[in-house]
J.: 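For reference, the structure I am asking about is given below.
The model shown is predicted, which means the values in this text are computed figures rather than measured ones.
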Amino acid sequence: MTNTSVGVWPADLSWREVWRAGGVDEAEQLALPAGVAVSPDGSVAIADWGLAEVIVLDPDGEWRGPVMTRGEGPGEVQAPAAVTWLDANTVLVLDFGTSRLTTLDLATRSASVTGVDGAFLLPVFASGEVTFVALQPDSAVWLESPGPIEEDWQERSFVRWSPGTAVHDTVARSRARVLSGSTLPAWPRSLLGVGAETWVVSDPDGRYELTVFDRDGETLVRFCHPGEALPLSPAERGEGTDERMPEAWRLALRELGEPREPAIISRIVVDADRRIWVQRDRPPPGANSMYGAPGAMYDVFLQSGHFLGSIRLPDDQRLVEASGSRVWTLHAGSLDESSIVALEIEGF
């Protein structure tokens, strides 16, 4: 196992906003972006579950508009959950509403569809919550699948399905602490990050240990890092004042007590350069944690496990993708409006 060295990116790193798209402009609004992907030239495709649309932005953030809209036809969607780029002019979209994958040529708007195994999607449908979904250019679909709940512990499995296969693969399994069916991020469990060519799994017992796999599931490297868990927040202890948290939750969290060893990490992102971004801040209990906590600290590693350093995102922004010194984030405004933001890391 590789033990990574301790270090930080230069202290004078800062953020510069390049462009912002979406927000309150009624003609260019986002509702519930469930999947966001960036092409090699910097174009952004957004699978918006709430609008039932797939929207494209050009590399400068200019709104090219929806390229797929609500419907059941070959180039239409009902509940798009993930998107990826096959090349500069072609997107691949996973639609939960029709249980299919759609390949769309943006130049000609021609589309082809492939059915997704309904049994693979069923546990997520039944739970009523999509906690993790990823889509690779080879049409592999990844989900976090919930299992039975026993005494406030739920079995969670990360599973993968590909067209032409009769069964799906379970790539990681662990137990998650839950409250009213929602995961409590302070309790350690396995986490997964999926890139175009590789995927990364964390240790189920909470050690800061990551294993990197290639597309065929062969282990490339396993490495450790000496980071420690952040202290529990008031919300995690049931002492928060956020009005969005029901009082019953606060009481339940106080009765539950604290985990013996809080989770060191809460999310893994594999970026376009195959770097591994490990989120340290945990989202509050009950929050939609698909994109993690806003304004979070990330430890960043090369695929080899070499530690590049740590960096914190601007307030209210959640990591979507990164390439070189550019980072794309999802921003939620004061009115819960969503924007896609392109940032540059200055001094990188």
J.: Which heavy atom in H331 sits nearest to a heavy atom in D315, and how many Å separate them?
T.: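 Nearest pair, atom of H331 first, then D315: CD2-O, 4.2 Å.
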J.: Is it true that D205 and R189 make a salt bridge, defined as a side-chain N closer than 4.0 Å to a carboxylate O?
T.: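 A salt bridge is absent here (no side-chain N lies under 4.0 Å from a carboxylate O).
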J.: Report the distance from atom CG of L220 to atom CD of Q303, rounding to the nearest 0.5 Å.
T.: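 It is 5.5 Å, given to the nearest 0.5 Å.
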J.: Checking Y298 side chain against G309 main chain: does a donor-acceptor pair fall under 3.5 Å?
T.: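 Checked: no pair found.
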J.: Hey, what's the ring geometry for F96 with W49, parallel, tilted or perpendicular (30° and 60° as the breaks)?
T.: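 The arrangement is tilted - the two ring planes meet at 30° to 60°.
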J.: May I ask you to check whether over 12 heavy atoms, not counting those of E228, lie within 6.0 Å of atom CD?
T.: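 Counting neighbours around CD of E228, 12 or fewer heavy atoms of other residues, nucleotides or ligands fall under 6.0 Å, so no.
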J.: Between R274 and T198, do the side chains contain an N or O donor and an N or O acceptor separated by less than 3.5 Å?
T.: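 Note: R274 and T198 side chains miss the donor-acceptor criterion.
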J.: Hey, is R215 close enough to D138 for a salt bridge, meaning N to O under 4.0 Å?
T.: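 Salt bridge between R215 and D138, a charged N being under 4.0 Å from a carboxylate O: yes.
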J.: Between the side chains of E236 and R282, is the shortest nitrogen-to-carboxylate-oxygen separation below 4.0 Å, so that they form an ion pair?
T.: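 Here R282 pairs with E236 in a salt bridge, since their nearest N and O are under 4.0 Å apart.
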J.: Salt-bridge test for E346 and R16: reply yes if a basic N is under 4.0 Å from a carboxylate O, no otherwise.
T.: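 Result for this pair is yes, salt bridge flagged.
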J.: Can you tell me if Q136 and W142 form a side-chain donor-acceptor pair at under 3.5 Å?
T.: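 Distance-only check passes for Q136 and W142.
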J.: Show your reasoning for whether salt bridge (charged side-chain N to carboxylate O under 4.0 Å, His left out) applies to E155 and R173.
T.: CA-CA 7 Å; E155 182 179 288; R173 180 183 286 115; 3.5 Å; yes
J.: Is a donor on one side and an acceptor on the other found under 3.5 Å between the side chain of S266 and the backbone of D281?
T.: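 Yes, the answer is positive, given that a donor and an acceptor are paired below the 3.5 Å cut-off.
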J.: How close do A81 and V133 get, counting heavy atoms only, and between which atoms?
T.: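 That closest heavy-atom pairing would be O-CG1, 3.5 Å.
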J.: Taking the side chain as every heavy atom from C-beta outward, state whether I276 and I268 have any atom pair closer than 4.5 Å.
T.: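 Yes, side chains in contact.
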J.: Identify whether the distance between the nearest side-chain nitrogen and carboxylate oxygen of D169 and R160 falls below 4.0 Å.
T.: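 Yes, this pair counts.
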J.: Tell me yes or no: between the side chains of Q78 and E72, is some donor less than 3.5 Å from an acceptor?
T.: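 Short answer, yes.
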J.: side-chain hydrogen bond (donor to acceptor under 3.5 Å, both in side chains), that's the test. Do Y208 and D299 meet it? Break it down for me.
T.: CA-CA 11 Å; Y208 201 153; D299 296 334; 2.7 Å; yes
J.: Using 30° and 60° as the class limits, which term best fits the ring planes of F223 and F301: parallel, tilted or perpendicular?
T.: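 Rings of F223 and F301: tilted, as their planes differ by 30° to 60°.
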J.: In plain terms, say whether R254 and E239 are close enough for a salt bridge, that is, a side-chain N and a carboxylate O under 4.0 Å apart.
T.: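 Result for this pair is no, no salt bridge flagged.
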J.: Might you work through the side chain to side chain contact (heavy atoms under 4.5 Å, CB included) test for L343 and W328, ending with a clear yes or no?
T.: CA-CA 6 Å; L343 304 169; W328 292 265; over 6 Å; no
J.: Would the distance check show the side chain of D271 and the main-chain N or O of D273 forming a donor-acceptor pair, the cut-off being under 3.5 Å?
T.: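 Yes, the answer is positive, given that a donor and an acceptor are paired below the 3.5 Å cut-off.
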J.: Would you please test E144 and R156 for salt bridge (charged side-chain N to carboxylate O under 4.0 Å, His left out) and show each step?
T.: CA-CA 7 Å; E144 183 178 22; R156 292 290 183 89; 3.3 Å; yes
J.: Please check if the side chain of W249 supplies one atom and the backbone of G238 the other of a donor-acceptor pair under 3.5 Å.
T.: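 Here the side-chain-to-backbone pair does not exist.
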J.: Treating R275 as the side-chain partner and V300 as the backbone partner, does any N or O pair qualify as donor plus acceptor under 3.5 Å?
T.: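 Judged by distance alone, no pair lies under 3.5 Å.
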